[in-house]
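None of these values were measured; they are calculated from a predicted model. Read the numbers this way: they start at 1 and go in the same order the structure lists the ligands and their atoms.
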Amino acid sequence: MKRDDFTLISAQDLPKDDVHIVRHFIDGAWVDSADGATFERHSPAHGHLVSRIAKGGIAETESAIQAARQTFDSRSWSETSGKERATLLLRVADLIDQNRSRIARLEVLESGKPISQAEAEIEGAADLWRYAASLARTLHGDSHNSLGSDMLGIVLKEPIGVVSIITPWNFPFLIVSQKLPFALAAGCTSVVKPSELTPSTTTILGELLIEAGLPSGVVNIVQGFGDPVGSVMTTHEDVDMVSFTGSTIVGKAIERAAADTLKKVSSELGGKNPQVLFADADIDSAIDAIVFGIYFNAGECCNSGSRIIVHEDIAQDVIARVVELSKKVPFGDPLHPDTKVGAIIHQGHQDKISSYVEDAKADGAKVELGGAPIKIDGLEGAFYAPTVVSNLTADMPIASEEVFGPVLSVLTFSTMDEAIAMANGASYGLSAGVWSENIHTCLEFSRRVQAGTVWTNTWMDGFPELPFGGVKESGQGRELGRYGLDEFLEVKTVQMRIGRTRTPWI
Ligand code: NAD
């Protein structure tokens with residue numbers, strides 16, 4: 001691998017921010033852990049200490065659940081009008097906008113993602129709070145007025161109750177914003193646990209919720225690890241629902257843990273998302289989307305377009321052009337405004353990415369570009385070179401499992417049936433894409449592919465209005481859109497007899 005092949009962005013002025021102190025937010029108060037335990041987060045790109053965090057235990061988690069339970073049961077939040085809830089959510093959105101730079105910088109320092117991307121994510125998050133406000137205002141049930149002259153049926157939608165929200169490290173502020181405003185719009189109360197790797201921006205969200213006027217106990221935040229915080233949040237009998245985003249392995253463990261109390265679990269899990277290129281595709285557009293799809297967020301993205309399935313007639317041309325464009329992707333210091341790809345989340349994860357590539361090489365794969373960690377001048381963090389790997393079979397781990405790094409797997413096909421079989425061959429079913437100038441090809445692929453989202457002649461567009469989620473081992477339930485609100489609602493049927501017309505049973 002040659003360093004000159006890549007567009008590297010060396011360290012700028014190293015950050016000198018104060019250490020961010022992160023506490024739990026329980027029943028409206030900022031508190032340390034009862035035993036005083038803390039842990040630290042260092043910048044994965046720069047290496048310096050970014051935040052010191054209260055390490056939650058069973059006591060903090062139970063207090064937070066109790067606060068959410070009592071607040072819900074008091075009906076003080078669930079009985080507010082949609083107008084009041086919407087007004088509050090809109091206020092939060094404005095505050096997110098006003099604090100965008102501060103939130104984005106902390107997001108960069110804890111996650112290693114580029115600053116321009118972080119800014120865009122925080123802007124997108126504010127939009128989610130605005131969209132959820134519109135749902136709060138328009139939430140309604142249903143009525144049945146055709147059950148006979150003496151009967152009226154009403155279907156009420158009611159908040160499900162106390163929701164545990166557990167989020168991952170790859171899009172900390174965006175993902176909590178795909179869940180929490182929808183839960184609040186529905187009238188639920190919540191306990192939130194961000195990833196131990198990216199705790200700070202959820203804390204800032206807590207500050208903004210207070211400033212916006214959210215009553216105590218409606219949202220509670222506990223910092224810490226899956227054990228014990230996440231574990232208590234998913235097993236406690238006072239929790240009605242778990243909304244989880246993270247790995248499939250933890251998602252399955254949560255489903256099992258929640259089964260004893262039969263909580264509802266909605267889960268957004270991993271993916272091995274294929275982009276299928278037919279021979280008549282608009283190659284220029286496809287190449288750019290492939291490069292974006294694999295390197296965005298350093299490939300640490302559930303929606304990463306981590307494998308392409310290319311018609312054999314165009315495969316060599318596509319590989320050559322993807323390699324050339326990959327060399328131009330600016331990567332390095334995430335605080336530089338031009339950087340498009342930043343650091344890998346931690347060294348252990350970088351090692352896992354490396355081992356996928358090394359194993360593939362041992363199995364006969366061809367590394368067309370990259371294939372190793374790369375040092376960025378002035379930075380001690382973990383960076384992995386943009387990597388393209390070909391000569392694969394669909395069953396190899398690199399082509400079927402979630403690598404979660406900037407590593408593109410290339411497979412080839414000759415017929416639609418073969419392409420569909422490969423696309424559907426992975427255990428995941430989050431998203432998929434098709435590139436063809438033929439509408440019939442795009443429609444056939446969209447109908448036959450197993451995925452929660454299909455992109456035709458595009459990749460990774462997203463809108464608050466459109467539901468998002470996975471099939472198979474990519475999860476259960478949907479976020480965003482009206483479906484995203486429905487996840488947090490129970491349905492209650494009310495049957496009302498009109499007049500004294502019921503025929504006596506006896
Ligand atoms: P992870 O599963 O390791 O952790 C996610 C969260 O779960 C963290 O807050 C963690 O502390 C917590 N946790 C860990 N063990 C737990 C347990 N036993 N009980 C309860 N909580 C527990 O995932 P990660 O490494 O933070 O995130 C990367 C994964 O997330 C990838 O697989 C990615 O595909 C997935 N992801 C999916 C989506 C989506 O929308 N489908 C979005 C982003 C990330």
Side-chain angles (χ1 to χ4, degrees), residues 39 41 44 53 55-56 58 61 65 110-113 121 128 164-179 191-199 201-202 221-236 239 242-259 263 265-273 296-306 344-346 348-350 352-353 401-405 426-432 451-453 460 462 466-480 484 487:
F39 63 103
R41 176 65 179 149
I53 309 113
K55 185 177 174 188
I58 293 173
T61 317
I65 292 171
E110 287 185 344
S111 74
K113 68 176 65 206
E121 280 172 29
L128 290 171
S164 285
I165 291 179
I166 301 177
T167 57
W169 48 260
N170 58 346
F171 298 94
F173 200 85
L174 193 66
I175 288 178
V176 74
S177 299
Q178 288 184 191
K179 299 174 182 291
V191 177
V192 181
K193 188 195 94 61
S195 167
E196 58 276 16
L197 296 169
T198 51
T201 55
T202 303
I221 303 169
V222 185
Q223 299 289 348
F225 293 73
D227 179 19
V229 181
S231 180
V232 174
M233 285 171 70
T234 51
T235 50
H236 200 288
V239 171
V242 179
S243 174
F244 171 74
T245 298
S247 60
T248 292
I249 191 162
V250 173
K252 287 180 181 176
I254 287 177
E255 294 271 357
R256 285 191 290 270
K263 301 181 199 321
V265 178
S266 80
S267 55
E268 300 284 343
L269 310 176
K272 187 72 183 178
N273 314 296
F296 175 71
N297 216 48
E300 297 169 326
C301 176
C302 57
N303 263 334
S304 170
S306 51
I344 299 299
I345 190 76
H346 56 69
H349 187 53
Q350 171 122 305
K352 184 179 149 203
I353 296 169
E401 296 175 12
E402 191 180 47
V403 176
F404 228 54
S427 57
Y428 296 112
L430 190 59
S431 50
T453 298
M460 229 183 323
L466 296 181
F468 174 68
V471 301
K472 301 191 333 190
E473 296 200 0
S474 288
Q476 310 207 39
R478 291 292 178 269
E479 293 189 337
L480 310 181
E487 288 291 332

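Listed by chain and number, the residues in a side chain to side chain donor-acceptor pair (under 3.5 Å) with Thr167 amount to none (sequence neighbours excluded). Applying the side chain to side chain donor-acceptor pair (under 3.5 Å) criterion to Ser243, with sequence neighbours excluded, gives Lys179. Every residue meeting the side chain to side chain donor-acceptor pair (under 3.5 Å) condition with Asn297, not counting sequence neighbours, appears here in chain and number order: Lys113, Gln117.
Environment of CG in Leu466: crowded, with over 12 heavy atoms of neighbouring residues, nucleotides or ligands closer than 6.0 Å.
Ring planes of Phe296 and Phe171: parallel class, angle under 30° (limits at 30 and 60°).
Side-chain N/O atoms of Gln476 and Glu255 include a donor and acceptor closer than 3.5 Å.
Near ligand 1, Ile166, Thr167, Pro168, Trp169, Asn170, Ile175, Lys193, Pro194, Ser195, Glu196, Gly226, Gly230, Ser231, Phe244, Thr245, Gly246, Ser247, Val250, Ile254, Glu268, Leu269, Gly270, Cys302, Glu402, Phe404, Leu430, Phe468 each place a heavy atom less than 4.0 angstrom from the ligand.
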